[in-house]
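Here is the structure we will look at, set down as structure tokens.
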Amino acid sequence: MADALAAGGARCAEVTFRTPGAEQVLETMAAHGGLRVGAGTIFTRDQAERAVAAGARFVVSPGYDEEVVARCQELSVPVVPGIATATELMRALRAGCHTLKLFPAEPLGGLRTLRALAAPFPQARFIPTGGIEERHLASYLADPAVLAVGGSWMATVTHLERGDYAEIRRLTAEAVDRSTP
């Protein structure tokens, strides 16, 4: 997987902590060296600690949790908490988090919601994820408040089950090409 993503031009990857083997996958991908690898779907302090011990260079959470943010800051690892409301955004900013995951972006209203949240908070940068398809990539990346976009279309469960790393490489290269001005 790491070889395919790196060969496709990806510079970073998020390994979600939703499966029993996530720590091992994270450790293996972090050792690859060609990608900046982080851990996603982190809900607890313990998960954050285990992810960093496995080599995570950043942590992403689907929501804003004070304990996860505080522990990541103690470990000196960048943390990207998820937000869905202005209240969560204000709490994250107050905690020193200026890069935020808008989740679930598309069900929340996509770019319309992102722009509405970004307007009064120009110091915030967003990484929208959730329901984002390849066709949304260019419009999200054209927005100055968007730092990056998360999506799983490049490496689906089907690709992994088939061992179709050539397709993962191709789709990654296509996404990188679409995102480069």
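Since the structure is predicted, the reported quantities are computational estimates derived from the model, not experimental observations.
Judged by distance alone, the side chain of Gln47 and the main-chain N or O of Phe43 form a donor-acceptor pair under 3.5 Å. Judged by distance alone, with hydrogens and angles left aside, the side-chain atoms of Ser139 form a donor-acceptor pair with the main-chain N or O of His136 at under 3.5 Å.
Looking only at side-chain heavy atoms (C-beta outward), Glu88 and Thr85 come within less than 4.5 Å of each other. With a 4.5 Å cut-off on side-chain heavy atoms, Leu35 and Leu5 count as touching.
The side chain to side chain donor-acceptor pair (under 3.5 Å) analysis of residues 110-129, with sequence neighbours excluded, yields the pairs Arg115-Asp143.
Ion pairing between Glu167 and Arg162 fails under the 4.0 Å rule for side-chain N and carboxylate O.
A single hydrophobic cluster is not seen to contain both Ile168 and Trp153; linkage of ILVMFWY side chains at heavy-atom distances under 4.5 Å, directly or through other members, places them apart.
In the displayed structure, Met1 atom CE is contacted under 6.0 Å by more than 12 heavy atoms of other residues, nucleotides or ligands. Within a 6.0 Å radius of CZ in Arg18, no more than 12 heavy atoms belonging to other residues, nucleotides or ligands are found. Within 6.0 Å of the CZ atom in Arg36, the count of heavy atoms belonging to other residues, nucleotides or ligands exceeds 12.
Note that the NE2 atom of His32 and the CG atom of Asp3 stand 4.0 Å from one another [nearest 0.5 Å]. The structure places CG of Leu147 at 5.0 Å from CD1 of Ile127, a figure rounded to the nearest 0.5 Å.
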Considering only distance and modelled atom types, tabulate donor-acceptor pairs under 3.5 Å from the side chains of residues 71-82, sequence neighbours left out.
{"unit_1": "Arg71", "atom_1": "NE", "unit_2": "Glu49", "atom_2": "OE2", "d": "2.7"}
{"unit_1": "Arg71", "atom_1": "NH1", "unit_2": "Glu74", "atom_2": "OE1", "d": "2.8"}
{"unit_1": "Gln73", "atom_1": "NE2", "unit_2": "Ala95", "atom_2": "O", "d": "2.8"}

